[in-house]
Structure formats: structure tokens, C-alpha cells
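Chain A is the first sequence line, chain B the second, and so forth, proteins listed ahead of strands; every chain is numbered from 1. Nothing here was measured: the structure is a model prediction, and the numbers come from that model.
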Amino acid sequence: MSDGPLIVQSDKTLLLEVDHADAAECRKAIAPFAELERAPEHVHTYRVTPLALWNARAAGHDAEQVVDSLIQYSRYPVPHALLVDIAETMARYGRLRLEKHPVHGLVLVSSDRAVLEEVLRSKKVQPMIGERVDADTATVHPSERGTLKQALLKLGWPAEDLAGYVDGEAHPITLAEEGWALRPYQKEAAEAFWHGGSGVVVLPCGAGKTIVGAAAMAHASATTLILVTNTVSAHQWKQELLRRTSLTEDEIGEYTGTKKEIRPVTIATYQVMTTRRQGAYRHLELFDARDWGLVLYDEVHLLPAPIFRMTADLQARRRLGLTATLVREDGREGDVFSLIGPKRYDAPWKEMENQGWIAPADCVEVRVTLRDDERLAYATAEAEDRYRLCATTPAKTRVVESLVRKHAGEQILVIGQYLDQLDELGEHLGAPVIKGETRVKERERLFDAFRSGEINVLVVSKVANFSIDLPEAAVAIQVSGTFGSRQEEAQRLGRVLRPKTDGRGARFYSLVSRDTVDQEFAAHRQRFLAEQGYAYQIIDAHDLA
DNA sequence: ATGGGTCCAA
DNA sequence: ACGAATGGACCCAT
């Protein structure tokens, strides 16, 4: 205890000494209940948040385990007030429960009368509550099940939802038996979801989230509605389900702009759900079309606001959310928690790496210095132009060139967000550029050439964030990114994480202009991956060999 | 019917 | 706070 890697402070921050021998072990221990806030070179700052504590609670951790972890790794005596606070916060989850009453239907039950009285007095909660059954029980209109959970979470008293689910229309689904097997973590994830009832499974890019979905469908053996972000993803779900389950072509429908098939398993885009046709919402048509036994949300970190609203009305159906990064930049993690459900499973990226499911990766932040004239232009630029100015400095082009030379012979992706910059890079490198306007046919041709090694360098725009059809590479060079998007960074690193046949590691370079907002945004982007144990080595562009 | 193109919302 | 990609609607040519 006297020389642990962690400093625990009463303001709920945890300081982790990165170079300490026990740092990795400690990171793993605190990850379930703390979120990484800052990650400079030597000391990382984590914060113990209520939501993280409640997720830990829902996953079966108790306050004692959390407290033990803190005490075990702490360098100094742990502030008592913090321990008390952690125990109290965790105990808040489950003090209120939603249950099914044999006579009164959906009820809110409390094991602490004062808490019930407190929340019933809230203006937000009051209209959702029906009559009082007894001192500890109040009825709730079934249609308010979701919105009530949202409101209670905001009040700091998240309800545990034990009201159960409708079975939905049964439909036989089994996993295909030939030629493959569920990986252990995929099986665990599907089971953790099934026993939890509904909630979110978090797995790194390329870890087979679709397969976890398929396994969950096999558990449910019921009609399933799958919601996805784009049509490419819809096709891939269909292909994967055909390959991995007993489902056949005519049991799987696509419900998109062009096709309107409703089948026992239906894959719909988020967008088609939110558009109106002659004043009527499409989603009503879709939700009422079948008695769905399971609703599956792909890329739950991208759920648009209208889908949250609809999901509030779907609380009697089992819901599974899938994502690589539960963090959202819009702060709606609480809505994911209350409307989809708590985190049921996550596999830390580094553990997956240790087990060989994803390739080991070195992350390198390369700092470039602006020329004097650029610095002056930057200093005098309007606030809204500044990021673009520093993110697209010509100095980066030269660095990309030398990195490409250094990795000659390897498959390299250059990823950025400004089309001008990417076009220029493509020209300098003599490499094709893939952007939004690139036709699907052309994309496929280039992807094939890249896969076969005919092309070694590919420059890609934000299409890399969406189209999961992008081929895997060994080296990724990021030249600019969306302000501070953590999930984008994770997605881009994911591009190089497919295990290499020769067992070699992958490289991820992030090019950053020194002493500018580019540097700030880069630091923010890196946080999620730092939380997963990826350390960015910082080097100066001049020191590139 | 089907494939392609343009425009627009969020 | 921004630029870019997207899906979907609609239109036109086969």
C-alpha cells in the first residue's frame, strides 16, 4: 500500500502513475467504475462517476470490491469520505425497482420509503405515476416505463427494471454448426445479455459483434428487429446471419429506402425509422408489423435522438445494444443506460490483444511545427477557421511522405477529414483517394486492388467512419479528425487491428500540429484508447528515421 | 423493374 | 462548432 500506482482523492479523481510496475493491473481494476479524464505522459486522471458505478453495480460488482481495489492500489490512505460516497452511490441503484404486480400491473417498488416519497414529489415523475398501492408501491402506466427510468436516473435514483419482457412471436433460430465456433468471449457476452434481460455489449472493432447478436437471437429464438446505421451494414448483417445461423434468405428482410420487406428477422436503417410518409411515422408501421421478441441496436453510440424516443415505448421488449465505445460525445450515456439497459459485457482491448483476437498496435503521435507564416496566420485567424488551418498544414504532407517511405511494402491507409487535404496527399503520394463522391463500383475496385497488394497506399476520408467494408491494413496515418471524437479515433485504430498472418504488430500514427487546438483535440480523441491501455508515444516529426 | 443522378435534412 | 457522408425522396432513362 505504501508504493501503489494510484493516488485516490476526495474529489473523486484517481491519479494513476503510468510508469509504475502495477499500472496496467491497476487500470484493469479501476476501469469498471472510473472514466479516464486526462491522459498526458506520466499521470492519468480518472474520475469515479455515478454512471460507471451503477454500470458496475448492474454487472454484479458490489461496493466492497470497488473499495478493495482502491485500497489495494492506493499509495496513501484512501479518503474515508470517498469510500462512503461510493458505497452510497452504488446503493442507490436498485433502491427503486420496476416490477410486475399480479393485480396492479407495472409498479414502482421501493425498499426505502423516503426515496419513494422524494421521487414522487418530483414534477417530472409525478405525472407518470398512477395510484398508490401501499406505502412502498405505486402503479406506473406501462407506456411510461422508459421515460420514468430516464427521469429517475436524472434524479440520481436509477431504477432496476425487473418487470420482465414479452416473449414476442417465437421463431426458431439456431447457430450454424459447420466450420466455425463461437469464441469464448462472444458466448459470455451473449449469455450476460440474456441473463441481464436487456442492455449493452461493448467489444472492440473486429471482435465479431454481429456474431454476439446472432447468438443472442438464438437465445431468444424469436422474431427480431435489427436497427443499423447504414445500408452497407444492413447487407453485412444479412450475409453474416445467413452464414452463422439457421436463417434462410426468405426469413430475413431489409427495410430501407428501396426495399420494404418485413420478415421474421428484419433489418432496418435508423433513418427509415425516423422519416415520415404522408404524415405518418414509418416506425409505427414497422413496430406494429410483428410482435418482435428482440430488438437489436447496432452501433449504439450513434443512436439518434428520435430512436431514443421510440425506444422509450419499447421497454417490454428485450433490447440488445452493440458498440465498440460506449462513450458518446453528446453526453447521452445516461439515456443509453436507462432505455437500452446497463452494460452487460465488455472486453478490454488489451485483453483481446493478449489472447490474439486482435493485433498488437503501437500508437504514435507525431508532432509537427507550423512554419512562421502559418503560425501568424493561425494566431490571427477567426476561431472557426483555426482548427482547419492547423490540422491541414503542408508540413503534415511531408511527414506522411516520409512515413510512407519508412513503411514501404506494407499496406497503408491515410485517413483525414478535409477533402482538399486528402486530394493533395493523394497527388503527392500517387495514391488513389476514396471519399463520399467515389462511386460504389470504384470503391470496390480500389478495395480489391488494396487487398490484393496491387495498391499499397489508400487515402480515405470520413467514409472510413461509416463503411465497415474498408479493408484492413497494417499501418494507419491519421492527418486530421473530427474535433475531439473518441469513437472516431477508436474506429480508425480498429482499421489496423485485424491479426496479421505473420503475427506482426500494427502501427497507428496521428499527426498533430504543435501548440495549436489540433493538439488539444488530439488529446481528447486519444482518451478512450488510453483508457483501454494504449499509450501514445510522442515524437517530433524531425526525429522520424 | 432497375440503375443512375441530384437534392436535402440532421 | 464544422465539414463531410449518408440515406431517402424524387426524377429520368432504359
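- A salt bridge between A:Glu240 and A:Arg243 is present, with a side-chain N of the basic residue lying under 4.0 Å from a carboxylate O of the acidic one.
- Not a single donor-acceptor pair under 3.5 Å links the side chain of A:Asn465 to the backbone N or O of A:Glu488.
- The interatomic distance linking A:Gln417 (CD) with C:dT6 (C1') rounds to 15 Å, in whole Å.
- Side-chain atoms of A:Arg439 lie closest to B:dG5 of the nucleotides B:dG5, C:dC2, C:dT6.
- Among the protein residues, A:Tyr270 comes within range of no part of the nucleic acid, since none of its heavy atoms lies under 4.0 Å from any strand.
- Contact annotation: A:Ser461 does not reach the phosphate of C:dA4 (side-chain N/O to OP1 or OP2, under 4.0 Å).
- Considering only side-chain atoms of A:Asn230, the nucleotide from C:dA4, C:dT6, C:dC2 that sits closest is C:dT6.
- With the nearest nucleotide of DNA chain C identified for both A:Lys260 and A:Gly436, A:Gly436 has the one nearer the 5' end.
- One can place NZ of A:Lys259 at 18 Å from C1' of C:dA9, the figure rounded to the nearest angstrom.
- Between A:Tyr387 and A:Tyr418, the ring-plane angle classifies as tilted under the 30° and 60° cut-offs.
- If you check C:dC2, C:dG3, C:dT6 against the side chain of A:Glu384, the one that comes closest is C:dC2.
- A donor-acceptor pair shorter than 3.5 Å can be found between the side chains of A:Glu251 and A:Thr248.
- Across the protein-nucleic acid pair, A:Arg525 atom CZ and C:dA1 atom P stand 19 Å apart, rounded to whole Å.
- For A:Phe483, the listed nucleotide lying nearest its side chain is C:dC2; candidates were C:dG8, C:dC2, C:dA5.
- A:Thr256 comes within 4.0 angstrom of sugar-phosphate atoms only, judged by non-hydrogen atoms across all strands, and of no base.
- Heavy atoms of A:Gln271 sit under 4.0 angstrom from at least one base atom.
- One atom, CD of A:Glu254, and another, C1' of C:dG7, lie 14 Å apart when rounded to the nearest Å.
- Residue A:Thr274 places none of its side-chain N or O atoms closer than 4.0 Å to OP1 or OP2 of B:dA10.
- Between A:Glu442 and A:Arg445 there is a salt bridge, since at least one side-chain N of the basic residue sits less than 4.0 Å from a carboxylate O of the acidic one.
- Shown here, B:dT2 forms a base pair with C:dA13; the pair counts as Watson-Crick or G-U wobble because both key distances fall under 3.5 Å.
- The CG atom of A:Asp330 sits 17 Å away from the P atom of B:dA10 (whole-angstrom rounding).
- Distance CD1 (A:Ile415) to P (C:dG3): 21 Å, rounded to an integer number of Å.
- As a whole-Å value, the separation of A:Lys462 NZ from B:dA10 C1' is 12 Å.
- Taking atom CD on A:Glu329 and atom P on C:dA1, their separation rounds to 15 Å, with Å as the unit.
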